[in-house]
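Computed from a predicted model, the values in this text were never measured in an experiment. Chain letters run A, B, ... following the sequence lines, proteins first, then strands; residues in each count from 1.
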There are 2 protein chains.
Amino acid sequence: MPSAPKGDSADRVGRVTIVDVARRAGVSKSTVSLVLSGSELVAEATKLRVNEAMGALGYVYHRGAASLRAASSDLVGMIMGDLNNPFFAELTAGIEDALFQRGFTPILANTSEDIVRQAQVLRAMREHNVAGIIISPARGTDTWALAQQWPSHIPAVITMRRMIGSSLPYIGPDNQKGERDAVEHLLKLGHRRIAFIGGDDSMTTQRERVAGWRDALNGWGLAADESLIFEVPPTRDGGRVAIERALDGPQPPTAFACYNDIVAMGATRALALRGIVVGRDVAVVGFDDIADAEHNAPPLTTVSAHTREMGMRCAEGLLGLIRREDPASLSFAGDASLIVRESCGARFQGRGVS
Amino acid sequence: MPSAPKGDSADRVGRVTIVDVARRAGVSKSTVSLVLSGSELVAEATKLRVNEAMGALGYVYHRGAASLRAASSDLVGMIMGDLNNPFFAELTAGIEDALFQRGFTPILANTSEDIVRQAQVLRAMREHNVAGIIISPARGTDTWALAQQWPSHIPAVITMRRMIGSSLPYIGPDNQKGERDAVEHLLKLGHRRIAFIGGDDSMTTQRERVAGWRDALNGWGLAADESLIFEVPPTRDGGRVAIERALDGPQPPTAFACYNDIVAMGATRALALRGIVVGRDVAVVGFDDIADAEHNAPPLTTVSAHTREMGMRCAEGLLGLIRREDPASLSFAGDASLIVRESCGARFQGRGVS
DNA sequence: ATAGAATTTTGGAACGATCCAAAATGGGAG
DNA sequence: CTCCCATTTTGGATCGTTCCAAAATTCTAT
């Protein structure tokens, strides 16, 4: 017979508590508590007896009760702007993994870019007495409002979307450097009219990436032509719209640096539908390196944000804050590295149908 | 000056509790508790005074403390097999939304299809005294093992992956019916050699979808040719591999019913790279209707699992269990409806480049 | 055998809410 | 002015843990 985890009182009405365990092991509840916390104080023999009792009774630790006494719980809030964006889904999975491994329990909230929802969610997290939060602020989040909604003494790290003027540490990729590399790559391939498409001026991430685009052009002694910045929603459809606007204008660009991979996918699709072969007639680069990027038609040249690692960094950064390390030292701009595939033409294989 | 939420004791060392509020409002903590729970018993004037005190002190409700006395908390576990699969990301967002609206707080766990991780996560959820869980079991989860890891008296609903023999209610789309519709559509378009690609026999979802495929063929008086079932991982690359195997075999199929959209995307891409125009030379249908499906090249004909609604159903089903309704009556197979786009050829526009 | 030190164990007070029976208050009828 | 009843309010026990000072036990050296 396999060892069944059910103990003799597994079907009791109430929960099996530390007191029940203590009674069965013939010790006091304090001793059981000591065993639970892995204390060195308790004698080996006693430890064994207590563990046996816990097994027999099917005891389950009650974290809520424990954290009532401690200052904070093992809960950590994860507030994401848009879970349906694969990039954020990957980031979420990364953070979840890292937190769980460190003994924290992530509570998830998806704001769908809704700042009202975000405010509600922040309050709920406070009510749960979370040890801290990792937040990717919804678009349109105001630095001041966030400061009002989240007391500065509770650990929080901001990820992926920098809040200017906020005292909270920021963890995210180096957008400017990444975009600069991407655009320089296009310049090296001979492109001179390089558009930037997607997002708009109100998004810090867009501003950082545009800055990188400008840097690269200026670095090559070229003036950045602001009319080549196309502000469209950071969506697939946004990519399509930008392509249409760009192509229908005078002197269409020969290369497109996209706000992110989603926009780039929309753009490549729109180009393909016009019969333009991406990677031969025109170059496209994305940003983020989501899983789908390499399966796009054609596979996207993009800038990797090292999503998984970023998630780990976030978890670690928050842990640092919880341990009361200096917030300033925690801000972190991860590397962002160019991944060359086919959409830029550098490795174009000339396969005929794109 | 805008009304600052900071009260006079917002920077106290400890937390502001109902006792502090009670003191300031000149009432007992019981009264404050009554106000908190929205009781009708308390006089209007007192209610006002208490609310004023809460505002002034910046009181934040402590859900953990409250749930210590109640049988269970407002936490609900969400256990997902693979968050990186856009389908599950959408489902997760849907469930999260529905739970939050009903006043529950979802705690998230991504098992990455790892049953060891899943067991750990289940335990963590128990320790958090969750009101219930919504679980999409990791591949390879054994019904008996799950029953051991999750006591039957704690509400749980299984979603998307039926566990045969489990007493827990199952909520998911009608896979068999959906696949039958899809394959019938292919039959109507004149296809006779229709392959089923992706997943394998150990996955209940695959078995259900294969059953639908078989139903459709048999319904048209055709024998289901088992050699047309290609068992490959339910991934993009799996789709590619299946296409290669199928095309290199004798008498290649003219249509492919795919386990899900991811496989279908891998398949369409592999076909395109071989110069085969999907929607003209060959037909492909997917399953799930993830957001990317309509942006695929060509847009995928697929079966919608009504993901968002499914998420809502899960939340509602769990709520029913928490309210101690009959588990059997909660099982639910949602509709699964065919969405015709271009990959099957029914609406092929003949655009040249696919 | 015994003081003193070292090692183990323990009872009771927290933590911040809810719940219940009982007490206080207010109003209307006699 | 009292009594009764309806409306409000309240103290204290409780949920399951941790923490702390103090008690009990064991060990060591004399």
Take the protein atom CZ of B/Arg126 and the nucleotide atom P of D/dG16, then report the distance between them rounded to whole Å.
-> 15 Å

Presence of salt bridge, A/Asp97 and B/Arg117, under 4.0 angstrom = yes

Starting at atom CD of A/Glu40, determine the distance to atom P of C/dT8, rounded to an integer number of angstrom.
-> 10 Å

Roughly how far, to the nearest 0.5 Å, is the CE atom of A/Met160 from the CZ atom of A/Phe87?
-> 3.5 Å

Do the side-chain N or O atoms of A/Thr31 get closer than 4.0 angstrom to the phosphate oxygens (OP1, OP2) of C/dT9?
-> no

Select one nucleotide: of C/dT9, C/dA17, D/dT18, the one nearest the side-chain heavy atoms of B/Thr17.
-> C/dA17

Answer with base, sugar-phosphate or nothing: what part of the nucleic acid does A/Ala65 contact at a heavy-atom distance below 4.0 Å?
-> base

Among D/dT9, C/dG16, C/dT8, find the nucleotide with the atom closest to the side chain of A/Thr46.
-> C/dT8

Rounded to the nearest Å, what distance is computed from the CD atom of residue B/Glu44 to the C1' atom of nucleotide D/dT9?
-> 16 Å

Short side-chain to backbone donor-acceptor contact, A/Asn110 and A/Leu83, under 3.5 Å = yes

Minimum-distance nucleotide to B/His62 side chain [options: C/dA17, C/dT8, D/dT18] | C/dA17

Rounded to whole Å, the CE-P distance (A/Met54 to D/dG16) equals 17 Å

Touch check for B/Val27, heavy atoms < 4.0 angstrom, all strands: base, sugar-phosphate only, or nothing?
-> sugar-phosphate

For A/Arg15 and D/dT17, what is the distance between atoms CZ and C1' respectively, to the nearest whole Å?
-> 11 Å

Does a side-chain N-to-carboxylate-O contact under 4.0 Å join B/Arg161 and B/Glu113?
-> yes

If you check the B/Ser30 side chain, which of D/dG11, D/dT8, C/dG16 turns out closest?
-> D/dG11

Taking OP1 and OP2 of D/dT18, is either one under 4.0 Å from a side-chain nitrogen or oxygen of A/Ser33?
-> yes

Per B/Arg69 side chain, nearest of listed nucleotides D/dA13, D/dT17, C/dT8 | D/dA13

Base, sugar-phosphate alone, or nothing: which one does B/Ser37 contact when heavy atoms must sit under 4.0 Å apart?
-> nothing

Measure from CG on A/Leu34 to P on D/dT17 and round the result to the nearest Å.
-> 14 Å

For A/Ser67, which contact category applies under a 4.0 Å heavy-atom criterion: base, sugar-phosphate, or nothing?
-> nothing

With the side chain defined as heavy atoms from C-beta on, B/Tyr59 is closest, among C/dA17, D/dG16, D/dT18, to C/dA17

Between A/Arg15 and B/Asn129, does any side-chain donor sit less than 3.5 Å from a side-chain acceptor?
-> yes

